[in-house]
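What follows is one structure encoded as structure tokens, with my remarks underneath.
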Number of protein chains: 2
Amino acid sequence: MDNWDEIRTAFQVARRGTVSGAAEALGVHHATVIRHIDALERRLGVKLFQRHARGYTATEAGQDLLRVAQTTDDQFQQLEGRIRGRGSDVSGELMVTSLVELAPLLVGALTSFQEAYPDVIVRLLTGERLFRLEYGEAHVALRAGRQPDEPDNVVQPFIHQDIALYASQAYVDRYGLPGDIEALKTHRFVAHDDPDGRAPFQQWLRHTIPYDRVTFRSSDSRVMNQAVLAGAGIGFFAMREAAAHPELVQIMPPREEWTSPLWLVTHVDLHRTAKVQAFLTHLKDYANEGPCR
Amino acid sequence: MDNWDEIRTAFQVARRGTVSGAAEALGVHHATVIRHIDALERRLGVKLFQRHARGYTATEAGQDLLRVAQTTDDQFQQLEGRIRGRGSDVSGELMVTSLVELAPLLVGALTSFQEAYPDVIVRLLTGERLFRLEYGEAHVALRAGRQPDEPDNVVQPFIHQDIALYASQAYVDRYGLPGDIEALKTHRFVAHDDPDGRAPFQQWLRHTIPYDRVTFRSSDSRVMNQAVLAGAGIGFFAMREAAAHPELVQIMPPREEWTSPLWLVTHVDLHRTAKVQAFLTHLKDYANEGPCR
DNA sequence: GCGATTGCGTTCGTGAATGCAAGTGCGAGA
DNA sequence: TCTCGCACTTGCATTCACGAACGCAATCGC
């Protein structure tokens with residue numbers, strides 16, 4: 001069974017009973033049909049059809065092939081319907097990936113997206129490594145920092161994440177509010193363990209505050225957030241996130257130079273699909289309306 | 001889904017993950033694989049695979065195709081096994097056709113054939129019209145008379161059916177045994193209604209016995225047989241059949257000129273199959289050993 | 001790092017599969 | 001019995017799909 005097209009040809013001959021009818025149905029020439037049948041029978045070593053003046057009638061083997069190919073044809077047609085529909089339907093899996101730091105942004109958006117499209121199964125992938133779109137690991141990626149320029153990826157600007165310095169009310173009660181930048185240098189800071197961090201607010205901190213004032217260091221943003229909330233020191237928070245924590249006190253307002261742009265990245269092959277488009281527009285709407293609706 | 005070969009190609013790509021691997025498995029060049037995938041995706045309007053440096057990974061649509069094509073592949077392999085086996089296996093239907101007059105000969109042979117090959121379903125077709133092999137209506141036909149010369153049919157000589165004149169014991173008790181052929185002309189005969197019958201013994205009767213001595217006429221051989229058994233007159237019986245009726249008395253021994261040759265006819269396409277060959281040899285053995293074994 | 005390996009993409013020339021048209025066989029109808 | 005028409009068959013010209021070769025990118029291993 002090395003040639004599925006020949007099976008398909010034999011299927012039509014068995015169904016229509018004549019070579020001409022099969023040729024018409026297949027949109028090929030009669031001679032082609034004959035050659036297919038001959039080749040198939042020669043390889044199988046078994047006659048599939050009785051040739052006579054009124055056309056071809058299937059032998060037992062031919063009838064067996066007819067039954068099998070009939071179900072195959074049905075299944076292929078169903079498959080085609082599903083595949084074609086998949087381009088315009090919003091269903092199946094939607095895989096989104098981002099750094100864990102950005103995940104809180106996505107959870108709300110994904111939840112309301114799922115309310116709008118109940119057939120979608122959402123998978124939010126965050127992990128140590130960057131999940132790569134070109135391997136089909138995700139439909140949409142949320143990236144921060146410099147504009148991604150990977151080939152085959154469609155990059156759209158998303159929002160600018162406003163970053164500000166916060167401390168917990170408990171910290172402020174104990175150490176007071178710094179009056180200006182100079183006063184900051186005497187305070188305690190919660191920041192990233194890696195002094196070579198690429199995020200602009202990290203670099204600002206390095207250049208502005210003596211590194212030994214960073215008294216709580218971690219490599220995990222969630223740990224840092226919890227440390228700030230616990231009163232360990234002053235740290236960066238996305239304003240959007242800080243809004244969810246009334247016990248936080250803003251130490252410094254957001255600065256232009258801290259904000260890192262966010263990018264929505266999709267693979268070019270998936271970008272046009274209705275599902276991805278639906279999610280992208282939904283995500284933008286969600287970000288503009290705010291997470292509190 | 002106009003091209004099943006392209007689906008098969010996509011199936012291998014989805015299964016192996018690389019174009020090269022699929023090409024190797026299919027025994028074609030990897031450029032061919034790419035062309036198939038491209039054509040299929042273009043027609044469907046949906047990407048089946050994500051292309052990346054390490055190969056192709058299936059999208060949702062591709063995975064769907066993989067599942068469907070996997071079952072198709074399995075079914076085709078099973079089909080191939082069945083079809084190939086059908087050539088060498090003795091199973092399935094065995095359709096045999098003959099005139100009703102010859103059916104008694106076949107019943108015993110078919111029964112014992114079925115004992116030897118329990119997987120075979122036997123269909124013995126007798127009817128008004130001649131069942132024709134070229135339409136696939138039967139595997140084997142038993143024909144009497146002149147050697148059939150239909151094209152595409154394989155004709156083998158079978159046995160000569162010895163015909164003799166019989167009457168029932170009751171008839172003999174009442175009318176006596178005729179001494180010679182002249183004496184026959186005063187007896188009562190059971191014969192065919194049609195004086196133009198082609199069978200040699202019928203023609204002999206027409207030329208030898210006055211037609212008004214045929215006092216029981218019918219167009220059905222079974223009716224004639226029953227009439228002879230009931231004592232209506234003298235009639236022809238195949239010796240093989242007469243042996244089953246001890247109440248029959250042979251009036252005249254078989255004559256060379258009465259015997260009509262029997263022919264085994266098979267369609268050339270089916271003649272080589274193991275099933276047909278098995279039945280032909282079985283039938284010959286059966287006829288030689290006699291039906292009484 | 002840097003070559004080796006792997007795997008995809010593209011171009012070009014060839015050959016096999018296809019379409020075309022004439023031929024043949026068979027059965028139906030007059 | 002003849003003719004007509006349908007359907008398969010066969011030889012030939014054509015096209016299109018295939019294979020070969022090269023290029024390129026990414027990864028792997030030393």
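Chain A is the first sequence line, chain B the second, and so forth, proteins listed ahead of strands; every chain is numbered from 1.
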> So does B:Tyr56 get a side-chain nitrogen or oxygen closer than 4.0 Å to the phosphate oxygens (OP1/OP2) of C:dT6?
Replying inline: no
> Under the ring-ring contact (aromatic ring centres under 6.0 Å, His included) test, which residues partner B:Phe201, sequence neighbours left out?
Replying inline: B:Phe236
>> As a test of reading the structure: which of D:dC8, C:dT10, C:dG7 is closest to the side chain of B:Ala31, going by heavy atoms?
In response: C:dT10
> Does B:Arg16 have any salt bridge (charged side-chain N to carboxylate O under 4.0 Å, His left out) partners at least two apart in sequence or in another chain, and if so, which?
Replying inline: none
> Which residues satisfy the side-chain hydrogen bond (donor to acceptor under 3.5 Å, both in side chains) test with B:Asp64, sequence neighbours excluded?
Replying inline: A:Arg82, A:Arg86
> Are the charged groups of A:Glu60 and B:Arg123 less than 4.0 angstrom apart, N to O?
Replying inline: no
> Base, backbone or nothing for each nucleotide of nucleotides 22-30 of chain D, written B, S, -, heavy atoms under 4.0 angstrom, 5' to 3'?
Replying inline: ----SS---
>> Using the side-chain heavy atoms of A:Thr18, tell me which of these nucleotides is nearest: D:dC8, D:dG19, C:dC8.
In response: D:dC8
> Does the side chain of B:Gln70 pick up a donor-acceptor pair with the side chain of B:Asp74 at under 3.5 Å?
Replying inline: yes
>> Can you measure B:Arg16 atom CZ to C:dT6 atom P for me and round it to whole angstrom units?
In response: 15 Å
> Any side-chain N or O of B:Thr32 under 4.0 Å from OP1/OP2 of D:dG19?
Replying inline: yes
> Can you check the B:Asp5 CG to D:dC18 P distance for me, whole Å?
Replying inline: 8 Å
> Taking NE2 from A:His29 and C1' from C:dG19, how many angstroms apart are they, rounded to a whole number?
Replying inline: 5 Å
> Taking atom P of D:dC18 as reference, at what distance in whole Å does atom CD of B:Glu6 sit?
Replying inline: 8 Å
> Would you say B:Gln161's side chain and B:Ser260's backbone share a donor-acceptor pair under 3.5 angstrom?
Replying inline: no
> What bend angle does the helix from C:dG1-D:dC30 to C:dA30-D:dT1 show across its length, from five-pair end axes and to the nearest 10 degrees?
Replying inline: 40°
> Yes or no on side-chain contact (heavy atoms from CB on, under 4.5 Å) for B:Phe76 and A:Thr72, after CA distance, side-chain angles and deciding distance?
Replying inline: CA-CA 9 Å; B:Phe76 282 175; A:Thr72 296; 3.5 Å; yes
> Under the 3.5 Å rule, do the base of D:dG19 and the side chain of B:Arg35 count as making a donor-acceptor pair?
Replying inline: yes
> Can you tell me if CZ on A:Arg43 sees more than 12 non-hydrogen neighbours from other groups inside 6.0 Å?
Replying inline: yes
> Should B:His36 be listed as having a side-chain N or O under 4.0 Å from OP1 or OP2 of D:dC18?
Replying inline: yes
>> Whole angstroms only, please: what is the CD1-P distance between B:Ile34 and C:dT11?
In response: 12 Å
>> Does anything in residues 17-33 of chain B form a side chain to side chain donor-acceptor pair (under 3.5 Å)? List the pairs, not counting sequence neighbours.
In response: none
> Atom CG of A:Asp38 and atom C1' of D:dC8: how far apart are they, to the nearest Å?
Replying inline: 11 Å
> Over how many whole Å does the gap from A:Leu26 atom CG to C:dT18 atom C1' extend?
Replying inline: 13 Å
> Taking only N and O in the side chain of B:Ser20, is any of them less than 4.0 Å away from OP1 or OP2 of C:dC8?
Replying inline: yes
